[in-house]
Each structure stands twice: as structure tokens, then as C-alpha cells.
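Okay, structure first, notes after.
Just follow the structure's listing: the first ligand is 1, and inside any ligand the first atom is 1.
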Amino acid sequence: MSAVIISGKELATEKRTFIKEQVTKLRQFDAVQPTLAVVLVGDDPASHSYVKAKKKACEEAGINCLLEHYPSTLTQEELLSRIDYFNRNEEIHGILVQLPLPKHIHENSIIEAISPEKDVDGFHPINIGKMMINQDSFIPCTPYGILEMIRSLNVSITGKHVIVVGRSNIVGKPVGQLFLKEDATITYCHSKTKNLSDITRQADILIVAVGRANLISSSYVKEGAIVIDVGVNRLESGKLCGDVQFDSVKEKASYITPVPGGVGPMTITMLLQNTLQSAQKKASQNKTNIL
Ligand code: NDP
């Protein structure tokens, strides 16, 4: 059996077309221009390319992207002051500070300074907490994109055993919570997990978010499993690859995501979706205020 390849790129294109239509409607009927403020600090090449891709995607969807780029000498106070400005600016619906930040800036303080109502990355503890207790919140973009990819397959999630390898605050932990909400049974694995392959072989849906090239070989995967590869690793050759050995695992899985062209494009798409959601909320508040 050879797996069906889940094209995040195609699904992202489809969703971005819909988002663009919604953005146009907001502009035309509600006079609201969805706007995302993006702050980039320093010269990390990967961060530069992520920010560039986010800006391009915003522009294609008709979302205004205000990009501010600062040198790595920016102080924490200066960054907090920009965030405060964005929080108070009614024309800005989403704020994104590209991570990682230089070491002298305390990342958690920055995440917590962003207004939860504009936290389109979904990293603020209030949004994370709300997600845990099934309240309306911004959902972190990568986990949200993964859920949308699985939904697009029209397979039932209820009762499925979802195994997540990786427990970061931005991918591993929240993606498990999202699938728990969908009535799946969740197992988390991490660097201290013993006999990893014995566990991962039990997964109906295996989500790998580690950042180690080719960690998962076909012996880690159950026949017919759905495999989502979040990892992005650059090989010495310069080529990008995931955490999953794509060629061998695709012979065993029922569905698999490629790297690149899998989770990545969906992450950016859900950022657009969250920004749209925030602008739509603002438009409905405007209407309520008029009445
Ligand atoms: P982190 O480094 O924050 O977390 C990695 C996790 O993997 C940790 O929980 C760690 O365990 C676990 N881990 C490390 N080694 C092993 C191992 N040998 N076996 C099992 N678990 C292990 O990474 P992120 O979650 O931020 O990102 C993970 C990957 O996903 C990266 O490659 C990143 O580039 C990519 N990524 C891709 C995105 C996309 O849109 N495509 C978006 C975000 C991330 P422990 O907690 O014990 O240390």
C-alpha cells in the first residue's frame, strides 16, 4: 500500500481563496480592513524567511501586514512599548512577534504582553487556557492547521488513538488538546519516553513535532496509520526534510504529509484565518456599538 499524500499546499490554496473572499466582504460591507502587525527582531535567516512568507500570504489575501524589523539590540522595554501601541490601536486586529527572540528578551513576558484579543498566534496563556476548557479562543496556528488537514480527509477522529511526539507549548501540547476535544484518545511522547517505537506503532494518527531529521522510520508506524510530519530540518545539502522518513513510511501509512508542502502552508493559512476572525469580531462589535 502506498499512502495518499496530503497536500497542505493545495488545501491551503483552497482555504486562502475563501479567506480572501471574507476579507473582501469585510472591507466592502463593514469598512474594516483586516490588519496584522508583525515584529521581527534580529537577523535569524529562518525567521526572516517565515516572516516574508507570512507577509506575502497576508497581501495575497488582502490582509494588511505592518512589518516592523528591529536590530537584535532592541531592548525588552522598547519591544513592550511597540506591543502596547499595537494593543491600543483599533485598526490592528492581530499581533505577531516572530520567535525566537534574542536572549536578552524574555519571551514569555512578550507573549503575555500581547492582548489576548489580538493574539493570533494563540500563544497567550489566556488563549491556551480557554482552549483547554473548550472556550472560544485563538487556536495556535500549526495545531489548527493539522486539525484542518485531518478534517479534510473525512475520516472519523472519535475514539482514534492520536500519538503526539513532541510536547512543545506551540505544537505538541496544543495539538494533543485539540484532538482530545475531537474525542480522540491522546498519548504524548518526548525525549524521555522509553521504547518510542513500541508506543508510536499503536497510533491511528501519528503527529511528529520534534525537529530531528528522519527520526521516524517505517518500524515506528502501524500499517494504515495517518502520519503528520511537522518537523522542518535542513540537511547539509541544503534540502529541507521532516522528522519522518517519507519514502519508507509512505509505503505503510494510509495518509502522509510531505515536507515541504505539508503542515507549513497550513500554519500560515491558519494565521490568516485567526486574523480574519479577529477582524470579523471587531466588525460585529462596531455594529453593536452603533445600535
Ligand atoms: P521544540 O524543540 O520546542 O520541541 C521538540 C520536542 O521534541 C520536545 O518536546 C522534545 O522533548 C521532543 N524530542 C526531542 N528529541 C526527541 C526524541 N529523540 N524522541 C522523542 N521526542 C523528542 O520544537 P517545536 O515543537 O517548536 O518544533 C518541532 C519541529 O517542528 C521543528 O522541526 C520545527 O521547525 C517544526 N515546526 C514546524 C512548523 C510548521 O509550520 N511546519 C511550525 C512549528 C514548528 P522534551 O520536551 O523532553 O525536550
Is it the case that ligand 1 has an N or O less than 3.5 angstrom from some N or O of [X]?
X: Lys192; answer: no
X: Ser168; answer: yes
X: Thr267; answer: yes
X: Val232; answer: yes

At less than 4.0 angstrom from any non-hydrogen atom of [X], what atoms of ligand 1 do you find?
X: Ala209; result: 5 (C), 6 (C), 7 (O), 28 (C)
X: Gly264; result: 40 (O), 41 (N)
X: Arg212; result: 18 (N)

Using a 4.0 Å heavy-atom cut-off, which part of Ile170 comes near ligand 1: side chain, backbone, both, or neither?
side chain

Please state which part of Met266 comes within less than 4.0 Å of ligand 1, counting heavy atoms only: side chain, backbone, both or neither.
neither

Closest approach of any protein heavy atom to [atom], naming residue and atom:
atom: atom 42 (C) of ligand 1; answer: Thr142 OG1, 3.3 Å
atom: atom 8 (C) of ligand 1; answer: Arg167 N, 4.0 Å
atom: atom 30 (O) of ligand 1; answer: Val230 O, 3.5 Å
atom: atom 48 (O) of ligand 1; answer: Ser191 OG, 3.6 Å
atom: atom 43 (C) of ligand 1; answer: Val171 CG2, 3.7 Å
atom: atom 29 (C) of ligand 1; answer: Gly211 N, 3.7 Å
atom: atom 21 (N) of ligand 1; answer: His190 C, 3.2 Å
atom: atom 23 (O) of ligand 1; answer: Val210 O, 4.2 Å

Can you tell me how far [atom2] of [Y] sits from [atom1] of [X], rounded to the nearest 0.5 angstrom?
X: Asp121; Y: Leu99; atom1: CG; atom2: CG; value: 7.0 Å
X: Phe18; Y: Leu272; atom1: CZ; atom2: CG; value: 13.0 Å
X: Met266; Y: Cys141; atom1: CE; atom2: SG; value: 10.5 Å

Cation-pi, Phe86 ring and Arg82 (6.0 angstrom, 45 degrees)
yes

Using a distance threshold of 4.0 Å (strictly less than), state whether atom 27 (O) of ligand 1 has a protein heavy-atom neighbour.
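Under 4.0 Å from atom 27 (O) of ligand 1, zero protein heavy atoms found.
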
Nearest heavy atom to atom 12 (C) of ligand 1: which of Gly145, Gly166, Ala53 does it belong to?
Gly166

Any Val165 heavy atom less than 4.0 Å to ligand 1
yes

If the contact criterion is a heavy-atom separation under 4.0 Å, does Cys189 count as touching ligand 1?
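Judged by the 4.0 Å heavy-atom criterion, Cys189 does not count as contacting ligand 1.
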
Check whether [X] reaches the backbone of [Y] with its side chain - one donor and one acceptor, N or O, closer than 3.5 Å.
X: Glu59; Y: Lys56; value: no
X: Lys252; Y: Val221; value: yes
X: Ser278; Y: His93; value: yes

Between Lys160 and Asp183, does any side-chain N to carboxylate O distance fall below 4.0 Å?
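Judged by the 4.0 Å cut-off on N to carboxylate O distance, Lys160 and Asp183 do not form a salt bridge.
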
One thing to verify: whether Lys15 and Glu148 come together as a salt bridge, which I'm taking to mean a side-chain N less than 4.0 angstrom from a carboxylate O.
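Between Lys15 and Glu148 there is a salt bridge, with a charged N closer than 4.0 Å to a carboxylate O.
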
Look at atom CD of Glu10 and say whether more than 12 heavy atoms of other residues, nucleotides or ligands are closer to it than 6.0 Å.
no

Looking at Gln28, I want to see if its CD is surrounded by more than 12 non-hydrogen atoms of other residues, nucleotides or ligands under 6.0 Å.
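Atom CD in Gln28 is packed in, count exceeds 12.
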
Enumerate donor-acceptor pairs with a distance under 3.5 Å from any side-chain N or O in residues 128-138 to protein atoms, sequence neighbours excluded.
none

With a 3.5 Å cut-off and sequence neighbours excluded, list the donor-acceptor pairs that the side chains of residues 201-215 form with protein atoms.
{"unit_1": "Arg201", "atom_1": "NH1", "unit_2": "Ser219", "atom_2": "O", "d": "2.7"}
{"unit_1": "Arg201", "atom_1": "NH2", "unit_2": "Asp198", "atom_2": "OD1", "d": "2.8"}
{"unit_1": "Gln202", "atom_1": "NE2", "unit_2": "Asp198", "atom_2": "O", "d": "3.2"}
{"unit_1": "Asp204", "atom_1": "OD1", "unit_2": "Lys222", "atom_2": "NZ", "d": "2.7"}
{"unit_1": "Asp204", "atom_1": "OD2", "unit_2": "His161", "atom_2": "N", "d": "2.7"}

